[in-house]
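Worksheet: the structure to be examined is printed underneath.
For ligands, and for the atoms within them, numbers begin at 1 and follow the listed sequence. All values below come from the heavy atoms of this structure, side chains included, with hydrogens, waters and symmetry mates left out. What you see is a predicted model, and the numbers here were worked out from it, not measured in a lab.
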Amino acid sequence: WEEVDRDRATTSQLLTEQDYLDNLALDLHPEAFWPIWTWDPHYVYRARVGVNRWQFLIDCQNDLSKSITKLNPNSKLFLMREAPQTLFPKLFKAWKITHLVFEKDTDAYARDRDAVVMEAAKEAGVEVIVRSGRTLWDSDELVKKNGGKPTMTISQVQTAGPKIGPVPKPIPTPTSIPDPGETALDFEQEAPEQAPDVNEKYRNEKEKSYSKIAGPNNDFAVPTLSELGFPPATTPHRGGETVALQSLSQTMSNTKYTATFQKPKTAPTDFSPQSTTLLSPHLHFGTLSVRQFYWAVQDVLSEYKGKASEPPTSLIGQLLFRDMYFGAQAALGHSFSHAAGNPKCRFIPWHPTSDSSTLTSSGPGSEAEAMLHRWTHGLTGFPWIDALMRQLRQEGWIHHLGRHAVACFLTRGGCYISWEAGAAVFAELLIDHEEACNIGNWQWLSCTAFFSQYYRCYSPIAFGKGWDKSGAFVRRYVPELKDMGDKWIYEPWKAPIADLKKAGVRIEGDGEGRGEGVYPKPMFDFPERRDFCLKQMKEAYTVGLYGDDPRVLDGSWEGL
Ligand code: FAD
C-alpha cells in the first residue's frame with residue numbers, strides 16, 4: 001500500500017481508489033495483444049449511416065492503426081468484419097485468448113450485445129475487463145447516485161456526479177505494446193448480414209469482397225470509402241486522434257475563450273471557423289477522451305485570472321449536459337429512444353409520417369410526409385432552415401443553436417411532425433451522432449422531455465437574422481440566393497419582382513426538379529402554423545399523457 005500511495009501521489013492527486021485499482025488490474029503484461037475493431041452489422045447494415053460519418057470513422061481507424069504501429073512495428077488495428085456476438089466465441093478458441101478488454105457502452109443495443117459476448121467469454125474461460133471512460137462519470141453509477149432515476153436536469157448530474165468521486169484523469173498513453181499472436185482464420189465465417197440494407201444505394205459489386213472476415217486481401221486492413229462502394233465524402237471535418245488532440249490544444253491555447261465560453265452567446269451562423277469547439281465527433285468516436293477535455297478546461301480555469309463562466313453555459317456545463325443524456329439513457333434503456341413506452345416522454349399526437357413513431361405512423365404521400373421530405377433536403381422555402389439542413393447534409397455538423405432552429409421547426413414550431421422522424425434524419429447525417437445526445441436533445445426541443453416551455457418558439461426568419469443580418473451563412477449554403485439583397489435574404493418570397501430579377505432568382509414550386517435560379521416557395525405561412533402548433537401543444541399538455549400510458553399504447557387516447 002505504501003507503493004500504491006507513492007505512485008498515486010506522483011501520477012495524480014485526484015485519482016480515486018477505484019481508478020487506481022482499475023489501472024493496476026490492467027497491468028497484465030500479456031504475451032500477445034491484438035487491438036481489434038469489429039464490424040458490427042447493427043451499425044454497418046441496419047443503422048442508416050451517411051457517407052460523411054463513414055469517412056470520419058475510416059479516418060479514425062487509420063490514425064489509430066498508425067499510432068499502434070508506432071508503439072510496436074509488428075502491430076496495427078485488426079479490423080474484423082463480423083458481428084462481435086458470433087466472432088468472439090471463435091476467436092477465443094482459435095487465438096487462445098485469455099483476457100478480453102473493452103470499453104463500457106451504455107447504449108441500449110450495446111448492452112444486449114456485450115452481454116452476449118460476456119456470456120461467451122465466461123463459457124470459454126476468458127476473463128473480461130470492462131472499463132468506463134465514455135462519460136465524465138460511469139453512467140450507471142451516476143444513475144445510482146441519482147436515486148436510481150434517470151438524470152433529467154444538469155443539477156441532478158452536478159449533485160450525483162461528485163458523490164461518485166472526482167472525474168477520473170485519463171491514464172498515461174503506453175510506451176510500448178506486445179506483439180500480436182497468431183491470426184489463424186481457419187474457422188467458419190458468418191454469411192454477411194441480410195438485414196434490411198439501407199445503405200444499399202451506395203453499394204456496388206465490390207461489396208461481395210468485404211464479406212470476408214479479414215477484408216478482401218485477408219490483411220485486416222481498414223477499408224477505403226471506394227472499396228465500400230461509397231461516393232467521396234463531402235465533409236471538410238476529418239477524424240482521428242491526431243486531429244482531435246490538435247483541435248483540443250488549439251482551443252485550450254485560447255484561454256480567454258475557454259474560460260469565458262458561454263454557449264448562448266456563440267453564433268450559429270459562424271463558419272470557418274465555427275463559434276464552438278467542434279469536438280463532438282471526436283468525443284463520439286473516442287479519439288478524444290471526454291475526461292481529458294474536462295481536465296484540460298479545468299487546467300485553464302485554475303490559471304485564469306479574470307471572471308470565468310459557469311455551468312450550465314460554460315464548457316464544463318456542456319460536458320455535464322452530455323453526461324445528463326447518457327444518464328437518462330442508461331436508466332431508461334430501450335424505452336429512451338422512442339415515445340412509445342417511455343415513461344419520461346410526453347405523448348403528443350404529431351402529424352403522422354411513415355418514418356415517425358409507431359404511435360402515429362401512417363403511409364407515405366401525406367402532407368406531413370411532403371413537409372418532412374422538404375425539411376430533410378433543405379427545400380422548405382425558409383432560407384435559414386434550408387441553409388442549416390444543407391450544411392448538415394454537406395458537412396455532417398451544425399451548431400447547437402442551428403440544431404435548435406431546425407428541430408423546433410420540424411416539431412412544435414412549424415411542421416408538427418414527431419421528433420422521432422427528425423432524430424432519424426440526424427442519426428444518418430451527423431458525424432457526431434451519439435444516440436443518447438441526439439434522442440435527448442430532440443426530446444428537449446420538441447418539449448416532450450427535459451424542457452417544457454413549448455410557448456417559446458423560434459422564428460425561422462428572426463432567429464437567423466438576429467445573428468447574421470446580411471445573411472452570409474444563408475448565401476454560403478443556399479447558393480441560389482447568393483445575390484439576393486440583404487433586405488430579403490431571409491424572406492425572398494416577399495421581395496419585389498425587380499429585386500428578384502436583379503438577384504436572378506425565381507420563387508416557385510416545392511423544390512422538386514427545380515431549374516437554375518429557382519428557390520422554392522415557403523411551405524406554409526409561418527405565423528399560422530405557429531398558432532396551430534401552440535394550440536395543439538397546449539391541448540396535449542392539458543391531457544398530460546406520457547409514452548407508457550396504456551391509452552397511448554392501445555390507441556384509445558384519440559378523443560380524450
Ligand atoms: P461545444 O459547444 O463546443 O460543447 C463541447 C461538448 O459538449 C460537445 O462536443 C458535446 O460533446 C457536449 N455538448 C454540448 N452541448 C451539448 C448538448 N446540448 N447535449 C449533449 N452534449 C452537449 N450532440 C452530440 O454529440 N451528438 C448528437 O447526436 C447530437 N444531436 C443533437 C440533436 C439536436 C436536435 C440538438 C439540439 C443537439 C444535439 N447535440 C448532439 C448536442 C449539441 O448540439 C452538440 O453536442 C454540439 O453542437 C457539438 O458541437 P461542439 O462540439 O462545437 O459543442
Side-chain angles (χ1 to χ4, degrees), residues 47 49-50 53 56 107 134-136 139 151-154 157 237 244 247-248 250-252 254 257-258 261-268 270-271 273-294 296-297 309 311-329 337 375 385 388-389 391-392 395-413 418-451 458:
V49 181
R53 191 152 84 249
F56 205 92
D107 285 7
R134 204 172 163 210
T135 41
L136 298 176
S139 304
T151 42
M152 303 302 287
T153 64
I154 78 158
V157 176
H237 310 305
S247 187
L248 177 72
Q250 203 182 348
T251 302
M252 296 301 116
N254 188 344
Y257 172 87
T258 301
F261 182 97
Q262 280 183 276
K263 189 63 160 276
K265 293 192 178 161
T266 59
D270 279 5
F271 56 87
Q274 73 293 333
S275 61
T276 54
T277 65
L278 221 160
L279 287 169
S280 51
H282 301 295
L283 293 176
H284 169 69
F285 282 102
T287 45
L288 174 64
S289 151
V290 67
R291 295 171 181 179
Q292 185 165 355
F293 186 0
Y294 175 91
V297 177
S309 54
T313 58
S314 63
L315 267 181
I316 295 292
Q318 305 314 297
L319 301 183
L320 294 171
F321 275 121
R322 187 173 176 274
D323 261 44
M324 174 186 83
Y325 291 121
F326 273 97
Q329 184 199 42
S337 306
W375 176 86
I385 300 296
L388 289 161
M389 290 306 291
Q391 185 191 26
L392 173 65
E395 303 185 358
W397 182 90
I398 45 179
H399 185 281
H400 183 60
L401 296 178
R403 300 182 201 206
H404 270 229
V406 297
C408 180
F409 183 84
L410 183 74
T411 57
R412 65 189 169 84
S418 166
W419 61 267
E420 289 182 67
V425 173
F426 269 37
E428 176 181 355
L429 298 178
L430 279 175
I431 51 171
D432 65 15
H433 172 244
E434 187 73 81
E435 174 92 355
C437 301
N438 189 39
I439 296 293
N441 275 287
W442 271 96
Q443 292 176 355
W444 179 302
L445 264 299
S446 60
C447 285
T448 47
F450 300 101
F451 183 73
Y458 294 108

*What do we get for Leu445 next to ligand 1 when only non-hydrogen atoms under 4.0 Å count, side chain, backbone, both or neither?*
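Within the 4.0 Å criterion, Leu445 contacts ligand 1 through side-chain atoms alone.
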*asked:* Here's a test for you: under side chain to side chain contact (heavy atoms under 4.5 Å, CB included), which of Val290, Leu288, Leu248 qualifies with His282?
replied: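 Exactly one pass, corresponding to Leu288.
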*Check whether any side-chain heavy atom of Leu283 lies under 4.5 Å from a side-chain heavy atom of Arg322, and answer yes or no.*
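When only atoms from C-beta onward are counted, Arg322 and Leu283 do touch, with a gap below 4.5 Å.
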*Do Gln262 side-chain atoms and Ser314 backbone N/O form a donor-acceptor pair below 3.5 Å?*
no
*State whether the side chain of Gln318 and the backbone N or O of Pro312 hold a donor-acceptor pair below 3.5 Å, judged by distance alone.*
yes
Atom [atom1] in [X], atom [atom2] in [Y]: separation rounded to 0.5 Å?
{"X": "Gln443", "Y": "Phe451", "atom1": "CD", "atom2": "CZ", "value": "14.5 Å"}
{"X": "Ser337", "Y": "Trp442", "atom1": "OG", "atom2": "CH2", "value": "14.5 Å"}
{"X": "Tyr294", "Y": "Ser289", "atom1": "OH", "atom2": "OG", "value": "12.5 Å"}
{"X": "Leu401", "Y": "Thr266", "atom1": "CG", "atom2": "OG1", "value": "5.5 Å"}
{"X": "Lys263", "Y": "His400", "atom1": "NZ", "atom2": "NE2", "value": "5.0 Å"}
{"X": "Ser139", "Y": "Tyr325", "atom1": "OG", "atom2": "OH", "value": "14.0 Å"}

Can you report which non-hydrogen protein atom sits closest to [atom], along with the distance?
{"atom": "atom 23 (N) of ligand 1", "result": "Cys437 CB, 3.7 Å"}
{"atom": "atom 43 (O) of ligand 1", "result": "His400 ND1, 2.7 Å"}
{"atom": "atom 3 (O) of ligand 1", "result": "Thr277 OG1, 2.5 Å"}
{"atom": "atom 26 (N) of ligand 1", "result": "Asp432 O, 2.9 Å"}
{"atom": "atom 48 (C) of ligand 1", "result": "Ser280 OG, 3.1 Å"}
{"atom": "atom 6 (C) of ligand 1", "result": "Leu319 CD2, 3.8 Å"}
{"atom": "atom 7 (O) of ligand 1", "result": "Gln318 CB, 3.3 Å"}
{"atom": "atom 28 (O) of ligand 1", "result": "Glu434 N, 3.0 Å"}

*Report the residues that fulfil salt bridge (charged side-chain N to carboxylate O under 4.0 Å, His left out) with Glu435, sequence neighbours left out, ordered by chain and then residue number.*
none
*Arg412: what forms a salt bridge (charged side-chain N to carboxylate O under 4.0 Å, His left out) with it, not counting sequence neighbours?*
none
Do [X] and ligand 1 have an N or O pair less than 3.5 Å apart?
{"X": "His404", "value": "no"}
{"X": "Phe293", "value": "no"}
{"X": "Trp442", "value": "no"}
{"X": "Lys263", "value": "yes"}
{"X": "Leu315", "value": "no"}

Which atoms of ligand 1 are found less than 4.0 Å from any heavy atom of [X]?
{"X": "Tyr325", "result": "19 (N), 20 (C)"}
{"X": "Leu278", "result": "50 (P), 51 (O), 52 (O)"}
{"X": "Phe426", "result": "32 (C), 33 (C), 34 (C)"}
{"X": "Leu283", "result": "9 (O), 11 (O)"}
{"X": "Leu430", "result": "27 (C), 28 (O), 30 (N)"}
{"X": "Trp397", "result": "48 (C), 49 (O), 52 (O)"}
{"X": "Phe261", "result": "2 (O)"}
{"X": "Arg322", "result": "11 (O), 20 (C), 21 (N)"}

*Return yes when His433 approaches ligand 1 closer than 4.0 angstrom through a heavy atom, no otherwise.*
yes
*Does Trp444 come within less than 4.0 angstrom of ligand 1, counting non-hydrogen atoms of the residue?*
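The answer is no, since Trp444 has no heavy atom less than 4.0 Å from ligand 1.
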*Shortest non-hydrogen contact between Thr277 and Tyr257, atoms and distance*: N-OH, 3.8 Å
*Heavy-atom distance to atom 46 (C) of ligand 1: which of Gln274, Arg403, His399 wins?*
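Among Gln274, Arg403, His399, the closest heavy atom to atom 46 (C) of ligand 1 belongs to Arg403.
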*Give a yes or no on whether the ring-centroid distance for Phe409 and His404 is below 6.0 angstrom.*
no
*Between Ser280 and Asp432, does a side chain to side chain donor-acceptor pair (under 3.5 Å) hold up when you go through it step by step?*
CA-CA 6 Å; Ser280 51; Asp432 65 15; 2.7 Å; yes
